[in-house]
Structures are given as structure tokens and as C-alpha cells.
Number of protein chains: 2
Amino acid sequence: MDIKTNLMTAAERLFDRNGFTATGMDRLTQAAGLSSRTLYKHVGSKVALMGLVLSEREKRFMARLEVDSIDAVFAVLEGWVRDEGARGCLFLRAYGETGGDMPEISRVVLAHKAAMRAKIADIIAQEVGGNDETNATLTEQIVVLIEGATAAAIYRGPEAVMAARKAAAIIVAQARP
Amino acid sequence: MDIKTNLMTAAERLFDRNGFTATGMDRLTQAAGLSSRTLYKHVGSKVALMGLVLSEREKRFMARLEVDSIDAVFAVLEGWVRDEGARGCLFLRAYGETGGDMPEISRVVLAHKAAMRAKIADIIAQEVGGNDETNATLTEQIVVLIEGATAAAIYRGPEAVMAARKAAAIIVAQARP
DNA sequence: GACAGTGTAAAACGTTCGTTTTACACTTGG
DNA sequence: CCAAGTGTAAAACGAACGTTTTACACTGTC
């Protein structure tokens, strides 16, 4: 098994379950089953590891998001929550824990949010096909619903995502010409 | 000026801007202008201070939320974001940083979420007056929109709250008999 | 004028942090 | 066969962590 992949899987799990700052390097080396020397040779630093974990998660998430309707987006989200549990958006958590002033982190976070937004905008342009202003408003609202479902699922579980899905269906229907 | 109030104002600011775990006690004593001995005599421990800060914020937030329409709720949220900036829900951030397994914290967090939800349910029962099932669904959706506005505002600013407000108006109108 | 109470400054507690280093074992290709 | 590469185990680095302690100054009150 690839050593770096193994490390990053363990790191993502620990960061997600215990927080970034609260997760020490010894916990990481122990969970990944390697020495600190090897870890540092592979990823350089803790901040770099955080960035790599987020980049990897970004790929995994965006791959799942390869759908062509807003309803399907929320179906994906619901599946994600059921598969991986809900502890809040890992990107925003990393951003918050580092105060937003860690370039290596905030770059990945903001890039992820921009990519997600762009994907939603694409789907809306294709599914609804209103004018630019309507589409922009709708995109903003769907993004808010996605963020809200992710956050509320922490304490409400998948039900929050189901509620967001229904709300999205209503505002999409409302915006259709 | 009251010494404990002063401490908690400084603590809330530092926790919010830099994260809970990343904020050390020396940073807190320095910002509040007191010795560590006095700090510990007043609040006991760092975790207790975190709990107190969250309790105080809960009071402040719920006091602002004393309104009687869903639209007004989002107006309050918009004002809050403009006044205090948007770095994500401090309750959920505390929950995430402590892995959810710090009773002193998670109790305050979950209580806050329950209180907010109850307030929203009250407003809906009074403003919309549908049947119980409709009201429950609508409550869940409004809560999701509030969480989403709070989260998305981190990188989208007040615009996210405005979008949530419009979306809320639509789904409330849709639910009215 | 002793008293308890409350504050400060500053050092020290042991632990843990992220990171580097030392020393050694194992493959693998020229 | 040796040289380079890659891995481990474990100690060490200085700094920072949350917390406690020591020593001392200032307030009020009996």
C-alpha cells in the first residue's frame, strides 16, 4: 500500500474527528504506522500535510459532485453525510482554526469554494436557463443551502440535508420561466 | 470596568479570530491585562472559559433574535454579520475543535442550537400557522438557511445572508395556506 | 494595626508541541 | 560489492502549552 496515501487517509480521519490543531504529529505517525522522519520526508510539515489532505478531499468531493441537476447535488450530499458522518465542512474548519491567515490553507479553501460555486452555477445555467441575474441569485441560494445542510447535519443528521433538498426544489421551481 | 466581563470580551474576540486551541492562555492574560493567577481564580480553567464565552454569546445572540417574523430573523443575522464579521458559527467551531467530546462545551453548543430552533419554530407557528408537519418541515428548512448564511458569509460576506433571506421568503410564502 | 481579600509580576511545574537528528537495517541497481 | 535510497526507532531540540506557586502590594473593615 502506498505510504503517502495511507498517511493522508489517516490524517484526514484524525483532523476531521479531533480537529487540526488538537491533532499532534505523534498521533499521526502512530495512526499511519510510520516514523516522524519518514512523515517529514514525505510531506515537509504539518501545515503542508493539512493542505494536502484538503486538496485530496477536494478531488474526492468534486468527483462525487459530477451530476447534472440540483436535486442530484443534494442526493450526493445526503450520501456523503451517511457515508462519512457530519462534522462540518472540513475546509471551513481548517480556515477557522488557522484564523484565515495561513496562505497554504486559505488558498485551498477558497479555491474549493470557488470550484463548488462554479459547478453549481453550471448546473443551474443548464437546468434552469433563466437570465444571468436570476441564475446568479439562484446559485447563491443553492450554495447557502449546501453550506447550511453541511453545518446543520452536525446536530440534525441527514434530515438537515433532506430539508435543504426540498427547499432547493422549491426555489428552483420558482425560478423556472 | 468589571474584570470578568473584560476578560470574556477579550477571550471571545481571540477565540473567534484565531481559534480556540490556537489561542494560548498567555495571549488571553495579555489581551485582558491581568495575571494568570487572577484569570484562573475567576474562571477555573481554559475549557471553563470557553464554556462561559459561549454562554455569554448565546445570551447576546438570543437577545438580538427577539423578533416575530422570519424575515426579521435574517435582518438580524445580516446586522450581526455586518457588525461582528463572519468567521462561522462559534458554537460549531468550538464543537469541531474539541471533537465533540468535551461535555462542558457540547452541552452549551447543543443547548444553543435547540434554543435557536425553538425560537424559529415559535415564529413559524405564529407567522405561518400551518399544520404541525408543515411547520416542522419549514422550521428545519429555515434553520438550514440560517446555518448556511452563517457559513457562506465567511467567504461571501453579507450577500450570503441576503440570498438566504430571499430564499426563506419564498419557502415561507409557499407554505402559507 | 492586624485582618482577610483581591490584585500583580514572574518563575516554575511537567507535558506536549512541531521538527530535526543520530544511528541503524533493508532493499535495489550498477 | 558497494553505493544510494528508503525505511525504522528513539532521542533530542527549543518553544509553547495549561496550570500552579511564590512573593509582594494594595485595598477595605473590625
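Just so we're on the same page: letters track the sequence lines, and every chain starts at 1.
The distance from atom CE of A:M25 to atom P of D:dA15 is 19 Å, rounded to the nearest whole Å. Protein atom CG of B:D26 is 7 Å distant from nucleotide atom P of D:dG18, rounded to whole Å. Protein atom NZ of A:K46 is 12 Å distant from nucleotide atom C1' of C:dT19, rounded to whole Å. Atom-to-atom, OH of B:Y40 to P of D:dC17 comes out at 11 Å; the value is rounded to the nearest Å. One can place CE of A:M50 at 10 Å from P of C:dG18, the figure rounded to the nearest angstrom. Rounded to a whole Å, the NZ atom of B:K41 is 10 Å from the P atom of C:dG5. What separates CG of A:L39 from C1' of C:dT21 is a distance of 16 Å, to the nearest Å. Atoms CG (A:L14) and P (C:dG18) sit 12 Å apart, rounded to a whole Å.
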**OP:** Would you check, one step at a time, whether the test salt bridge (Lys or Arg N to Asp or Glu O under 4.0 Å) holds for B:E97 with B:R93?
**Re:** CA-CA 6 Å; B:E97 284 204 37; B:R93 288 171 60 196; 5.2 Å; no
**OP:** Could you check A:T134 against A:N131 for side chain to side chain donor-acceptor pair (under 3.5 Å), going step by step and ending with a plain yes or no?
**Re:** CA-CA 5 Å; A:T134 315; A:N131 60 48; 2.6 Å; yes
Subject >> Worked check of side chain to side chain contact (heavy atoms under 4.5 Å, CB included) between A:F74 and A:K166 >> reply: CA-CA 9 Å; A:F74 286 92; A:K166 280 189 198 169; over 6 Å; no
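For the pair A:D2 and A:N6, the minimum side-chain heavy-atom distance is 4.5 Å or more.
Crowding of A:D132 atom CG: a count of heavy atoms from other residues, nucleotides or ligands under 6.0 Å not exceeding 12.
A:H42 has no side-chain polar atom (N or O) that falls below the 4.0 Å cut-off from OP1 or OP2 of D:dT6.
With the 3.5 Å cutoff on both pairing distances, Watson-Crick and G-U pairs in DNA chain D assemble into runs of at least 3 at C:4-17 with D:14-27, C:19-30 with D:1-12.
Within the nucleic acid shown, A:T23 comes within 4.0 Å of sugar-phosphate atoms alone, with no base atom in reach, counting heavy atoms only.
Considering B:R13, B:R60, B:R17 in turn, B:R60 is the only one that fulfils the salt bridge (charged side-chain N to carboxylate O under 4.0 Å, His left out) rule with B:E84.
A single hydrophobic cluster is seen to contain both B:Y95 and B:M116, as judged by linkage of ILVMFWY side chains at heavy-atom distances under 4.5 Å, directly or through other members. Criterion: ILVMFWY side-chain heavy atoms under 4.5 Å apart, direct or through other members. Under it, A:V144 and A:V172 are part of a common hydrophobic cluster.
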Which pairs, protein N/O on one side and nucleotides 9-14 of chain C N/O on the other, fall under 3.5 Å?
none

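The residues B:D83 and B:R64 are annotated as salt-bridged, a charged nitrogen and a carboxylate oxygen being separated by less than 4.0 angstrom.
Closest approach of A:L138 to A:I171, counting heavy atoms only: CD1-O, 3.8 Å. Minimum interatomic distance between A:A151 and B:E147 (heavy atoms only, all atoms of both residues): CB-CB, 3.9 Å.
Within residues 90-103 of chain A, no residue places a heavy atom under 4.0 Å from DNA chain C.
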